[in-house]
Amino acid sequence: MTKRTAPATKTAARARVGELHEQITQANYQYYVLDDPQTSDAQYDRLLNELKAIEATYPDLVTPDSPTQRVGVTPVGQLTPVVHSTPMLSLDNAFNDEDLNNFDRRVRERLEGVESVEYAAEPKLDGLAVSFRYEGGRLVQAATRGDGLRGEDVTHNVRTIKAVPMQLRGKPPELLEVRGEVFMTIAGFKAMNAQALERGEKTFVNPRNTAAGSIRQLDPRQTANKPLDVFFYSVGEVKGWKLPAKHSEALEQLRAWGLKVSPLVEVVQGASGCLAYYQRMGEKRPKLAYEIDGVVFKVNSYAQQRELGFVSRAPRWAIAHKFPAHEENTVVKDVEFQVGRTGALTPVARLEPVFVGGVTVSNATLHNMDEVERKDVRIGDTVVLRRAGDVIPEIVKVIVERRPEGAKKIKLPTKCPVCKSDVEKVADEAVARCTGGLFCPAQRKESLRHFASRRAMDIEGLGTKLIDQLVDGEQVHTPADLFKLTVAQLAELDRMGEKSAAKLVEAMQASKKTTLSRFLYALGIRDVGEATAAALASHFGQLGPLIEASEEAIQEVADVGPVVAAHVHHFFQQKHNREVIEALREQGVDWPAQKKRAEASSGALAGKTFVITGTLDSMSRDEAGDRITALGGKVSGSVSKKTSYVIVGAEPGSKLQKAQELGVEVLDEKGFLQLLG
DNA sequence: GATCCTCGAGTTCT
DNA sequence: CTCGAGGATC
C-alpha cells in the first residue's frame, strides 16, 4: 500500500518528513538542474503527495523550504523594494566585430604587459536578471535587477521555479549572493500560449516578456504554473568563501552547490577566440531551446577584473556581443492600401526603417481590416515588429503607452486608391475589393505579372518594372499584347538595350510552349490556383470542352464545388476573356494534349500524399514535386494525418514538428531518393 | 451543422 | 509563412 497516511507519532512523522525533503530535493536537482531525471513522474508525485498528507496532519512540521511550499500560496499586496548590497551591473554592447576588437584592445592597453587576455564566454539569455541571496545555504531572498541599485522583492515567485534550489548542496558559505537569468523555454512558451488560446484567454507576445511578467506577479499561484527556468552566471556579495582566481572556476563551484550554470560556458583566448565563439553560438542559436540575444565575454581573472574597474555603472572587463534582434520597436509612419490582382485591398504599414533579424524592414503587411482592428494599429503608433524564424515581417502589437496624441485611426478607403472605382466589402468576408476589374491599372499590372510568373507562363525577364512601363505606356492591355511586342519597341524602354530586348522576345517565344494546366493557372481565374488548374486540366483534357462546360459539369471535377465552378463558368462566359484566349492561341500559345485523370492516376506513388520542408541537396523543391507528380503522387502544402510522407531537407520548418506530432512518416533526402527508385 | 483538410492569395528583402 | 475560406466528410 502507498503511504498516503501520516505516521502515528510525531517523532516518526518528523523523521519521515526529513527523508521526503531529501528525496524530493534530490529528484528536483536531477530533473531541473542536471536535466537527467532519475525518478519517474509517478514516483515523484507519490513522494510529494505523501509529504502533503503528513503536513496536513502536523501543520507545525511545514517549513518554509519544504518542497510543498514551492507551489506558492498567498499573494502579496505589492512588491517590496530591495536595495542591492552590491549593484547589479549593466553591460556595454558590441554590435559588430570592430566593437569587439576595440574592447579587447582597450582591455590589453589597461592591463600592461598582458599580450593575450583569457575570457569566460557564455550565451546572453533573453530573460530577466535576478539576484538570489543564500544564507547558510538556504534561499532567503530573490530580487529583480530593477535599475541596478534597487530592485523588487520577488522571493515568493522565485520559490515556485523548480530549477532554483531552496537549499544549496555540499558545504555552502555563510552568505552567497548569486545572479542569474530567469527565462522561459520557447517550447514552454508555445505550450502556454496554446493553452491560453484554448481557454479563450489572451496570449503572450514573447518568452521574454512572459518571463518578466510572471516573475513580477503578485500572486505566486500565477507564477507556479509558468514554465520558468534559470541559469546562474555571476557572484555578488559573499561571506565565508574565498573566491577562486578565475570566474570560470567560481562558476564550477556554483555548479557543485547545485546552482544551474549554462553548459555552453567556455574559456576562450583573445578577441579571435571571442569572435569564433560568437560565430559558433550564432549557428547554435536556432537550435537552442531558449532565446538568446547575444553572448557575453568577461575577463576571466578576478585580479585583472579589479585592475580594470568600472566606468560609471558598467564594468570595463565585460561586454555583450549582440546578435541581430528578432524583434524591434518602430513607428508606423503611414498605412497605404495596395491593390492585388483580384482587386483585394491590402493595408500595408510604412515603417520607420528598422534593422531586425539581419535585414532592414520598412514595410509590413496588415493583411486586412479585421487584422487592423484586432491589433488596433494607428498611424504614429510605436509597434513591436517581429521577423522570427520566419522571413515575413509581422506587426506583433502596438505599445499603447507610447501612442502619441494625434495618432490617426486607419480607415478603409471608399474608392480604389489607383483607379477611383468603388470599393466593395461583402459582409462576413475579411477582404475588401476594388470593383474596377481590369479597368483598374493595378489589377491589370498584377494579373500580367501573374501571367508571366514562373509557375504560370514562366516568361523570364519580364518583371514588375517592365510591366509597369508597358501598362502605363498603354502598349499592353491584355496578355496577348505581350507576344506582339517587338525588339524595337522594347528597346525604347528604360533600362532596356537592344540585347536585353532580344533576349526577352526570345523568352516569350519559348514560353508559348506550355501545358494546359499552366495556361489555366496563368489566366488568373478567381479561386483557381495551381492545384485546381491541374485538376481542371486533367478532367477536361482540352480547353474547348472546358470553355463550353456548364456549371454542373465543372462541379464534377474533384475538389471543385459550387463557388469555384461558378467563378470558372463565369470567366469563360465573358466575351473579353474568350477574345483574349483566342488571341493568345493565334500568337502560337500551345500545349500538348493532356492525359486524362484515369491514365495519370497510376504509377508507383499513386494515392500517396507528400509534403516537403527544408532544402534538398540534389534537387529543388519544385523538381521534387514534379518527380512525385510524375509517379502519380500528390504534393500538398500542409501536413495532416492524411499525409503519407513528410520529406525533410536541411533546415526544415514547422512542418517537421507537425509531422512528429501527428505521427506521420518522415523521410530524409536519402529515403526519398530510394522511394523514387 | 461542425470539423478537418486543403487550397489560394498576398507579402519581404537580397 | 499565415490567414481565410471553399470543399469534403461525418
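Chain A is the first sequence line, chain B the second, and so forth, proteins listed ahead of strands; every chain is numbered from 1.
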Would you find more than 12 non-hydrogen atoms of other residues, nucleotides or ligands less than 6.0 Å from [X] atom [atom1]?
{"X": "A:Lys333", "atom1": "NZ", "value": "yes"}
{"X": "A:Arg627", "atom1": "CZ", "value": "no"}
{"X": "A:Lys608", "atom1": "NZ", "value": "no"}
{"X": "A:Lys503", "atom1": "NZ", "value": "no"}

If I take atom [atom1] in residue [X] and atom [atom2] in nucleotide [N], what distance separates them, rounded to the nearest angstrom?
{"X": "A:Leu523", "N": "B:dG8", "atom1": "CG", "atom2": "C1'", "result": "16 Å"}
{"X": "A:Ile612", "N": "C:dC1", "atom1": "CD1", "atom2": "C1'", "result": "16 Å"}
{"X": "A:Asn368", "N": "C:dC3", "atom1": "CG", "atom2": "C1'", "result": "8 Å"}
{"X": "A:Arg386", "N": "C:dC1", "atom1": "CZ", "atom2": "P", "result": "14 Å"}
{"X": "A:Glu394", "N": "C:dT2", "atom1": "CD", "atom2": "P", "result": "8 Å"}
{"X": "A:Leu366", "N": "C:dC3", "atom1": "CG", "atom2": "P", "result": "13 Å"}
{"X": "A:Ile395", "N": "C:dT2", "atom1": "CD1", "atom2": "P", "result": "17 Å"}
{"X": "A:Ile525", "N": "B:dC7", "atom1": "CD1", "atom2": "C1'", "result": "15 Å"}

Side chain of [X] (C-beta onward), nearest among [options]:
{"X": "A:Thr346", "options": "B:dC4, C:dA5, B:dT11", "answer": "B:dT11"}
{"X": "A:Ala430", "options": "B:dG10, B:dC7, C:dA5", "answer": "C:dA5"}
{"X": "A:Thr365", "options": "B:dT11, B:dC7, B:dC5", "answer": "B:dT11"}
{"X": "A:Asn363", "options": "B:dT12, B:dC7, C:dG4", "answer": "B:dT12"}
{"X": "A:Ser636", "options": "B:dA9, B:dC5, B:dT6", "answer": "B:dT6"}

Closer than 4.0 Å, any side-chain N/O of [X] to the OP1 or OP2 of [N]?
{"X": "A:Thr342", "N": "B:dG10", "result": "yes"}
{"X": "A:Arg374", "N": "C:dG4", "result": "yes"}
{"X": "A:Gln338", "N": "B:dG10", "result": "no"}

Quick one: on DNA chain B, does A:Arg341 or A:Ala349 contact a more 5' nucleotide (nearest heavy atom)?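 Of the two residues, A:Arg341 wins.
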
A:Asn577 side-chain N/O to A:Phe571 backbone N/O, donor-acceptor pair under 3.5 Å: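 A pair under 3.5 Å: yes.
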
For A:Ser636 and A:Thr609, work out which heavy atoms get closest and say how close. CB-CG2, 4.0 Å

For a quick check of understanding: with a heavy-atom distance under 4.0 Å over all strands, which category does A:Val431 fall into, base, sugar-phosphate or nothing?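 Counting heavy atoms under 4.0 Å across all strands, no contact is made by A:Val431.
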
Heavy atoms only, 4.0 Å cut-off, all strands: where does A:Glu371 land among base, sugar-phosphate and nothing?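 No contact at all - A:Glu371 keeps every heavy atom at 4.0 Å or more from the nucleic acid.
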
Which label fits A:Tyr278 and A:His321: parallel for a plane angle under 30°, tilted from 30 to 60°, or perpendicular past 60°?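 Ring orientation of A:Tyr278 relative to A:His321: parallel.
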
Between protein and nucleic acid, restricted to nucleotides 7-10 of chain C and to nitrogen or oxygen atoms under 3.5 Å apart, what atom pairs and distances do you find?
unit_1	atom_1	unit_2	atom_2	d
C:dG7	OP1	A:Gly561	N	2.8
C:dG7	OP1	A:Gly561	O	3.2
C:dG7	OP1	A:Val564	N	3.1
C:dG7	OP2	A:Val563	N	3.4
C:dA8	OP1	A:Asp559	N	3.3

Can you see whether A:His570 engages A:Gln574 through a side-chain donor-acceptor pair at a distance of less than 3.5 angstrom?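 Note: A:His570 and A:Gln574 side chains meet the donor-acceptor criterion.
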
